[in-house]
Amino acid sequence: MAAPAQPKKIVAPTVSQINAEFVTQLACKYWAPHIKKKSPFDIKVIEEIYEKEIVKSRFAIRKIMLLEFSQYLENYLWMNYSPEVSSKAYLMSICCMVNEKFRENVPAWETFKKKPDHFPFFFKCILKAALAETDGEFSLHEQTVLLLFLDHCFNSLEVDLIRSQVQQLISLPMWMGLQPARLELELKKTPKLRKFWNLIKKNDEKMDPEAREQAYQERRFLSQLIQKFISVLKSIPLSEPVTMDKVHYCERFIELMIDLEALLPTRRWFNTILDDSHLLVHCYLSSLVHREGDGHLFSQLLEMLKFYTGFEINDQTGNALTENEMTTIHYDRITSLQRAAFAHFPELYDFALSNVAEVDARDSLVKFFGPLSSNTLHQVASYLCLLPTLPKNEDTTFEKEFLLELLVSRHERRISQIQQLNQMPLYPTEKIIWDENIVPTEYYSGEGCLALPKLNLQFLTLHDYLLRNFNLFRLESTYEIRQDIEDSVSRMKPWQSEYGGVVFGGWARMAQPIVAFTVVEVAKPNIGENWPTRVRADVTINLNVRDHIKDEWEGLRKHDVCFLITVRPTKPYGTKFDRRRPFIEQVGLVYVRGCEIQGMLDDKGRVIEDGPEPRPNLRGESRTFRVFLDPNQYQQDMTNTIQNGAEDVYDTFNVIMRRKPKENNFKAVLETIRNLMNTDCVVPDWLHDIILGYGDPSSAHYSKMPNQIATLDFNDTFLSIEHLKASFPGHNVKVTVNDPALQTPPFRITFPVRSGKGKKRKDADGEEEDTEEAKTLIVEPHVIPNRGPYPYNQPKRNTIQFTHTQIEAIRAGMQPGLTMVVGPPGTGKTDVAVQIISNIYHNFPEQRTLIVTHSNQALNQLFEKIMALDIDERHLLRLGHGEEELETEKDFSRYGRVNYVLARRIELLEEVKRLQKSLGVPGDASYTCETAGYFFLYQVMSRWEEYISRVENTGSTSPDAAEVSTFFPFHEYFANAPQPIFKGRSHEEDMEIAEGCFRHIKKIFTQLEEFRASELLRSGLDRSKYLLVKEAKIIAMTCTHAALKRHDLVKLGFKYDNILMEEAAQILEIETFIPLLLQNPQDGFSRLKRWIMIGDHHQLPPVIKNMAFQKYSNMEQSLFTRFVRVGVPTVDLDAQGRARASLCNLYNWRYKNLGNLPHVQLLPEFSTANAGLLYDFQLINVEDFQGVGESEPNPYFYQNLGEAEYVVALFMYMCLLGYPADKISILTTYNGQKHLIRDIINRRCGNNPLIGRPNKVTTVDRFQGQQNDYILLSLVRTRAVGHLRDVRRLVVAMSRARLGLYIFARVSLFQNCFELTPAFSQLTARPLHLHIIPTEPFPTSRKNGERPPHEVQVIKNMPQMANFVYNMYMHLIQTTHHYHQTFLQLPPAMVEEGEEVQNQETEMEAEEETTAAQANLIPSPTEASLSQETPASQPEYSSQTETASSEMEDVSALCDTAPAAELGSAAAAEDAASVPAETK
């Protein structure tokens, strides 16, 4: 198998190169945003740039990147565009800029939306240019650029401006492009369309001729474009050289066709046009398909197009077609062909009279139609309205090969899509793993197209939705598998031995040579299938490795996935491996197959089962694993061996590779998706269309749901009646009681619910005025019944004063339907989520709620807050492996809950025993839950009923309060409660207390009745299943756990009514969808009532490691983000309480009306300045250090030594002033820089007790969802902005700090970036050099923004800061030392006893030693810079100033610093092999 050539990485230009560029000089003259006096618009500039910079460089990305980055589109091209100045160069320049924006993944249409007037004219010019002759004004390369632009337009239908133009090309009138007979046939099929068609004709007649001609041009555009493509395709020869422009044009065209077919709005009428053009037949017969190298990607794209043209959907209605319906369509086609044959073609009688199953295979059709003449074939096709009628006595112009393929491909039997999927192996093989078209390398630049599905706004059916996600998830996992295989196998260094075999010169932790491999079982297939039900094999390896690695291999669990690899190296022993050269030919890799561990075998050859029993100790180093092979793959390999004589793959394996468990769950997720596709996915009706992206996006909002609930108990949501009134601005609040003393929470609120389709919401202009009645809320305060006399009986209460938008989110979450809450940083998303959960729990006690988050950390934060509310902990359950990190002594895992139930049962039975004793009842009522139940029924209830009858039937008009206490039967039991239990003030009050006491007793027996099942079920597993299915009301898990365990949960009969998703914008589309279907439908309907998604699409999306899947396939788009793009209504939280108002301004421009909570202005910590620093945030410019800015020791492993040193110096300075180190976090945008900063901290101050380590040193991506008081941020890049250009990453970076943010960056680079302007304009408004106040210790009393009384010092560069911190540190050491000496020289009279002096002296000596040691801990700038390569012996600093100063040398010695690559190199070696997404 030939190894693919390694693609080149695009190197971004440096700032100096940018400044030297001709483009930059023009930008500074005409359109750069920071230039005040700009020259007037000149059309020649555009012509010159296009010819000299773009066409001359053959559309080089580097040139286009520079132009787009300089804001050429925003500030020059579109701003000055008008029909008068429109030209070819102008059109092409705009298209290039838009395409570049899409390639960079930045918003492209904003500029056009601001100035939409000339867009229709511009779009018409593009259409005209796309159809121009290729040898005319527009070259084929230019027309490929236009095709890409059109593709972006068709994929942006959510933008009104684009949709208005595109709709004219893809609506019903486009059927003008059909041949008349076909048009007639289609209109006959659907009578409704005939009406529409007649209406269109009438309207056309009313148009003036010019407008009609223009309309006809637009309607025929796609038909003409297809004809143009066919002519280009036919011009490609079979073997002679061909220009790649033609190939790229054909690839881009097929990509456009796929995208049109994969969206229902574009497909609805276009699919018929495409079918009528017989495009697929032309493509399959073309020379390009048969050209080996050039046609490979084209063929793959063609397969995708074939899949979508025959997709199982009704184009007009959009309904998915069942297998039966697809079979009926197929039979109709064949029988209509048979009828035609019978009536008109005597030579086809045999065909006409055969049964369908006999003639619908490709071979049969070729046998019947092959012998016919071209003219006869044409007549058959024209009779079926596939081709125009052949005039009499004329020969057909079509080739026979084309006519035969047209009839055969149209009528052959197709294997159903679900059948294809079920026969697909789940593990990738070597053919897929190293195919660059479907699994591109990390160097994917975004230039070419790929044979990958895309996730856009809309999907055809749920099957299409799941299938695209299935394929992408599979290929994304394949990319990671490829990285692991390349890493492990190259570490093993396979070489060819002298005798032609394999010898391994190295070793790998994750891979071992196979000693023996045997297939031990091939089970019979199920009925109707042709693959075995099960294939098992034994793999023997020799574990002659370190103990901990041996333990890892022996610890492989059931269902862990491993890979079996065959290598046949051709390189002799000792050949060095070069990571830059193609991997396959170096190691001689031949086959890769996946397998799943069943278990390790013991001495007797039996599988060792996972369980509580200790594993047997096996002697020796040889270990055998029983593995399951993929039955589909096995069947394909064996068929290939038998039919084609290929070698048996399963006799060749010589390496087995395992993977890290966390990254190895892909097979379980793929099986889950495949199972979903094989079951009737029942998505709730109210969600179905929204998930596919159609219909009214607000149809699932609670205001439009038919089952809206009028009265809701808000429990402890409101703190007071004033809080309630403030929470519903614009509403009239009517309280059912007038006494202010009784107007206390909790409140029940009755909302006005309109009949019909729910409550109409005001439209954007507020035209529809609500009536007074519709704005009236009826509020009913109610008292929670007394729960008992003990302090712990009092319910826990919410203490947060929610804002009115938070209340709207809580209200929406309590109502049925889809609720989407957008929570900017610090707006209390988790608090809202917890309150929704609590309110649902109290309003609907019989319902069960599923909580899903992206990370274990978020789930644990949520759980800790839930525990603080009034929710009985026996109803809480946490699934997955993250519960160990819960910061609580309680265990909420399945077995933890079982233990809790068993322990709680014993506690409650003890209480029953005490109650029995207090009542003087003989016997053992507290033996089991069952006996306790009888005791309650016969002893407790009888006493209570007797007591009630005595107290209530006293006969007197004013009952005596004393009687309540006198007759109370449980005095002795409640003797340990706070006394007196009864206050004796009134009969009602005491009666309520008595009932509270009885409720307390009753609850004991209610719980025991619930726990009775744990007595009947004996095993822990059964008890845990019972808890999950019956007992737990709030069940929490991560989205990964849900995807992995769906099969088990459904099998158990798991049920739930509500889903709440936190971090919804960080969860992959498919991992958001799977939790909707963790239960079997009831009577064909889903019981799901509420879906609450809380997230922030303005922060970072899910992590996708491969750039191609991230950019080209848009796999990083979460379902939450897609819903926002589609227009689903959201509740936007609008008040943050995390950061100072000034820091919030750096990111609040990204949100709708994000303001601050009052405490941000009022609390002292927010109003006080940051000690020792003049500003609360500052952008600090860092120039090259030793002539180096950013460096890249490994691909995408960026470092910047100057910034790293500066950041650490500021951190040390802050700690020396008294800032707690744990209140400071250091963030950076790249992994390389993270490792560099960690190394510098270890060398400078990590072990120094005066300074310490920051709370965290990590990347911005990893720190999402966390915060700290002070953030030091290094942006690293000095050549290109890199991935910070993604505004979502900027928002996360700016919003992590509460009190202080200090950013280190190359200002000249970042201030020119259009997307970052709103933040950087604020940052650059302050001085770009660090302003410090060294004499102001932490904490300070100075108010933020006040001029300091102390002197301000300006730090110009990093060496100055390093020198300053060193001197400051030495001064601190000497001051401390001097203080101790002065204290020791006090006269003896001041001390009462000599002994004490002695003790003090001893203590001081110890302290002196410590101080000296501390002085030695921090290297001087000189020494530090020299010690980075080899740790030099550190000088012993004397306590005298002279010695210290003599040790200090000029800070310029810093120039001897080791290169950045030296630092963090240990980590770099480990990380560079598999670079996480955040580094790209």
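What you see is a predicted model; the values in this text were computed from it and never measured.
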Side-chain donor-acceptor pair present, Thr1038, Thr853, cut-off under 3.5 Å: no
Salt bridge flag under 4.0 Å for residues Glu1031 and Arg874: yes
Lys/Arg-Asp/Glu bridge criterion (N-O < 4.0 Å) met for Arg943, Glu946: no
Residues Asp831 and Gln835: side-chain donor-acceptor under 3.5 angstrom: no
Interatomic distance, Ser918 atom OG to His971 atom NE2 [nearest 0.5 angstrom]: 11.5 Å
Trace of the salt bridge (Lys or Arg N to Asp or Glu O under 4.0 Å) decision for Lys1089 with Asp1057: CA-CA 6 Å; Lys1089 299 169 183 68; Asp1057 304 88; 2.6 Å; yes
Distance-only side-chain donor-acceptor flag, Asn1058 / Gln847, under 3.5 Å: yes
Test salt bridge (Lys or Arg N to Asp or Glu O under 4.0 Å) applied to Glu1015 and Arg1012, step by step: CA-CA 5 Å; Glu1015 289 181 346; Arg1012 191 174 163 190; 5.4 Å; no
Donor-acceptor pair, side chain of Asn839 and main chain of Thr717, under 3.5 angstrom: no
Side-chain donor or acceptor of Arg1046 paired with backbone N/O of Leu1077 under 3.5 Å: yes
Salt bridge Lys1003-Asp872, side-chain N to carboxylate O under 4.0 Å: yes
Ring geometry between Tyr1056 and Phe1054 (parallel below 30°, tilted from 30 to 60°, perpendicular above 60°): tilted
Exam field: side chain Gln979 to backbone Ala977, donor-acceptor pair closer than 3.5 Å: yes
For Pro785, side chain to side chain contact (heavy atoms under 4.5 Å, CB included) partners two or more places apart: Glu992, Arg999
Short side-chain donor-acceptor distance under 3.5 Å, His1000 and Tyr790: no
N/O donor-acceptor pair under 3.5 Å between Tyr947 side chain and Val964 backbone: yes
CZ-CD distance between Phe1005 and Glu911, expressed to the nearest 0.5 angstrom: 9.5 Å
Backbone N/O of Gly823 and side chain of Lys829: donor-acceptor pair under 3.5 Å: yes
Validation row: Leu742, Pro781 side chains within 4.5 angstrom (heavy atoms): no
Salt bridge (Lys or Arg N to Asp or Glu O under 4.0 Å) between Glu722 and Lys725, worked out: CA-CA 5 Å; Glu722 287 74 27; Lys725 287 175 179 172; 6.0 Å; no
Under 3.5 Å donor-acceptor, Arg878 side chain and Ala1036 backbone: no
Option passing ring pair (Phe, Tyr, Trp, His ring centres under 6.0 Å) with His723 (candidates Phe728, Phe718, Phe802): Phe718
Flag side-chain contact, heavy atom, 4.5 Å: Ile948 against Met991: yes
Test item: side-chain donor near acceptor, Arg1087 and Asn1080, under 3.5 Å: no
Lys1045 side, atom NZ; Thr1040 side, atom OG1 - distance, nearest 0.5 Å: 12.5 Å
Parallel, tilted or perpendicular: rings of Phe968 and Phe982 (30°, 60°): perpendicular
Any Asn798 side-chain heavy atom under 4.5 Å of Leu719 side chain: yes
Main-chain N/O of Tyr938 paired with Ser942 side-chain donor or acceptor, under 3.5 Å: yes
Verdict with reasoning, Asp1269 to Arg1298, per salt bridge (Lys or Arg N to Asp or Glu O under 4.0 Å): CA-CA 5 Å; Asp1269 287 359; Arg1298 294 181 65 246; 2.7 Å; yes
Side chains of Asn793 and Arg787, donor plus acceptor under 3.5 Å: no
Atom pair NE2/OG1 of His782 and Thr736 - distance to nearest 0.5 Å: 10.5 Å
From NZ (Lys917) to OG (Ser926), nearest 0.5 Å: 11.5 Å
Backbone N/O of Asp713 and side chain of Asn843: donor-acceptor pair under 3.5 Å: yes
Carboxylate-amine/guanidinium contact Asp716 Arg797, below 4.0 Å: no
Value rounded to 0.5 Å, distance of CD in Glu972 from CG in Leu915: 10.0 Å
Any donor-acceptor pair under 3.5 Å from Gln916 side chain to Val921 backbone: yes
Side chain Thr931, main chain Ala925, donor-acceptor under 3.5 Å: yes
